[in-house]
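Just so you know, these numbers use all the heavy atoms, side chains as well, and skip hydrogens, waters and symmetry mates.
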Amino acid sequence: MFRFSERFRDSEVEEGVAVIGITGGISTGKSTFAKSLRGLLPAAFFFDADVMARELTHRDQSVLREIRAQFGAEVFDANGDLNRAQLRSIVFTDGDKKRALEEILHPRIRRQWTTEAEIRRNSTELFFADIPLLYETAGETLCDAVVVVACSGTVQLQRLMNRGPFDRVTAEQLIAAQMPLTEKIRRADHVVWNNGAPAVLGAQAAILAKRWQS
């Protein structure tokens with residue numbers, strides 16, 4: 001995997017930045033970076049695609065009906081509630097099923113965050129969209145700037161295995177199923193490097209927060 005020195009890289013000063021996308025690879029630290037920004041920019045608005053996906057699969061009856069039709073009754077428990085662990089085990093091992101779930105969730109998620117972004121585009125406050133598949137869904141076209149949170153392949157693999165827990169083969173398959181991190185880095189307006197301690201990531205968040213507030 002492409003490596004570069006453990007340092008912060010950013011682009012030239014932007015003017016009129018209002019909508020900022022946050023993305024990266026699985027287990028590279030997007031959520032931790034967004035959490036740091038929340039603390040630094042309490043007046044800003046944040047949208048989290050993962051949180052909305054959980055909400056949709058918890059309370060949206062049209063989503064649950066489509067999931068039942070696509071995946072069958074086996075992904076629901078005796079009370080009719082979605083068994084997320086069972087659903088995850090299916091989509092992690094079956095690319096077609098993964099795409100089917102994305103086709104159910106992603107259009108709804110995109111409609112929601114793009115609507116919120118447009119409402120706040122002319123606001124004096126910043127709007128952040130934490131979208132794991134931002135580039136895969138062409139969401140960058142709706143952003144004034146994009147931040148990619150990246151780390152080395154070795155660190156990413158270890159974090160994912162610890163988080164799962166997944167075995168090495170499964171973790172490598174999950175990483176390989178995503179757009180290469182090198183491609184996301186190439187497209188980014190800003191890249192923050194998350195190989196080290198949380199404090200290092202927080203310091204980079206502080207640099208960007210100050211830049212956007214200026």
Side-chain angles (χ1 to χ4, degrees), residues 19-35 37-38 44-120 127-143 146-149 156 159-167 169-179 181 184:
V19 178
I20 300 166
I22 301 172
T23 193
I26 187 170
S27 292
T28 61
K30 301 179 299 298
S31 296
T32 303
F33 176 72
K35 184 178 179 181
L37 288 177
R38 286 176 185 270
F45 296 92
F46 286 82
F47 178 89
D48 188 322
D50 287 340
V51 169
M52 185 173 180
R54 287 193 293 272
E55 291 177 353
L56 287 171
T57 56
H58 176 68
R59 59 177 173 76
D60 191 305
Q61 293 304 310
S62 65
V63 167
L64 294 173
R65 283 195 297 272
E66 289 185 40
I67 290 175
R68 185 180 291 273
Q70 182 63 236
F71 293 87
E74 60 268 24
V75 297
F76 291 84
D77 62 24
N79 296 320
D81 296 323
L82 182 65
N83 184 332
R84 289 176 176 78
Q86 176 67 14
L87 184 63
R88 281 196 301 270
S89 69
I90 293 172
V91 299
F92 281 162
T93 57
D94 188 326
D96 289 338
K97 290 296 187 183
K98 178 176 180 290
R99 284 187 289 275
L101 182 62
E102 290 173 351
E103 288 173 3
I104 294 170
L105 296 177
H106 288 178
R108 292 172 167 89
I109 293 171
R110 184 183 177 92
R111 281 196 298 270
Q112 183 64 33
W113 84 261
T114 55
T115 297
E116 292 186 21
E118 287 304 319
I119 289 172
R120 299 188 172 96
F127 177 84
F128 293 93
D130 182 353
I131 314 287
L133 300 181
L134 184 76
Y135 286 119
E136 290 88 337
T137 58
E140 78 279 8
T141 60
L142 303 171
C143 299
V146 175
V147 181
V148 167
V149 182
Q156 182 184 20
R159 284 178 182 156
L160 183 54
M161 291 171 64
N162 292 341
R163 163 184 157 186
F166 302 110
D167 59 43
V169 172
T170 301
E172 288 175 341
Q173 289 173 341
L174 289 172
I175 293 170
Q178 295 191 325
M179 177 186 289
L181 193 53
K184 295 184 179 183

| request: Please name all residues satisfying side-chain contact (heavy atoms from CB on, under 4.5 Å) with R84, sequence neighbours left out, ordered by chain then number. | output: T57, H58, L82, R88
| query | About how many Å separate CD1 of I131 and CD1 of I109, when rounded to the nearest 0.5 Å? | reply | 7.5 Å
| Just by modelled atom types, is the N79 backbone N or O under 3.5 Å from a matching donor or acceptor in the D77 side chain? | yes
| query | Can you name the residues that form a ring pair (Phe, Tyr, Trp, His ring centres under 6.0 Å) with F128, not counting sequence neighbours? | reply | F46, W212
| Rounded to the nearest 0.5 Å, how far apart are CG of L101 and CZ of F71? | 5.0 Å
| Contact check, side chains of S31 and D130, non-hydrogen atoms, under 4.5 Å | yes
| remark: The ring pair (Phe, Tyr, Trp, His ring centres under 6.0 Å) partners of F76 (sequence neighbours excluded) come to none
| message | For residues 100-111, which residue pairs pass the side chain to side chain donor-acceptor pair (under 3.5 Å) check, not counting sequence neighbours? | response | S62-R108, E66-R108, K98-E102
| query | Does T170 use its side chain to pair, donor to acceptor, with the backbone of F166 at less than 3.5 Å? | reply | no
| query | Does K97 reach the main-chain N or O of L87 with its side chain, forming a donor-acceptor pair under 3.5 Å? | reply | no
| Roughly how far, to the nearest 0.5 Å, is CG of L105 from CD1 of I67? | 5.5 Å
| query | Could you state the interatomic distance from OG1 (T114) to CD1 (I119), rounded to the nearest 0.5 Å? | reply | 9.5 Å
Sequence neighbours excluded and cut-off under 3.5 Å, please list the side-chain donor-acceptor pairs for residues 47-56, or say none.
unit_1 : atom_1 : unit_2 : atom_2 : d
D48    : OD1    : D50    : N      : 2.9
D48    : OD1    : V51    : N      : 3.2

| remark: side-chain contact (heavy atoms from CB on, under 4.5 Å) test vs L134 passes for just one of L142, T23, T141, V148, namely T23
| How long is the gap from OG1 on T28 to CD on Q178, to the nearest 0.5 Å? | 8.5 Å
| field | Shortest non-hydrogen separation from C143 to G139 and the atoms involved | value | SG-O, 3.6 Å
| field | Donor-acceptor contact present, side-chain Q156 to main-chain G25, <3.5 Å | value | no
| query | side-chain hydrogen bond (donor to acceptor under 3.5 Å, both in side chains) with E172: which residues, sequence neighbours excluded? | reply | R168
| task | Decide whether a cation-pi geometry holds between R120 and F127; the criteria are a distance under 6.0 Å from NZ or CZ to the six-membered ring centre and an angle within 45° of the ring axis. | result | no
| note | Rounding to 0.5 Å, atoms CD1 (I22) and NZ (K30) come to a distance of 10.5 Å
| request: Could you go through the side chain to side chain contact (heavy atoms under 4.5 Å, CB included) check for N162 and R159 one step at a time? | output: CA-CA 5 Å; N162 292 341; R159 284 178 182 156; 5.7 Å; no
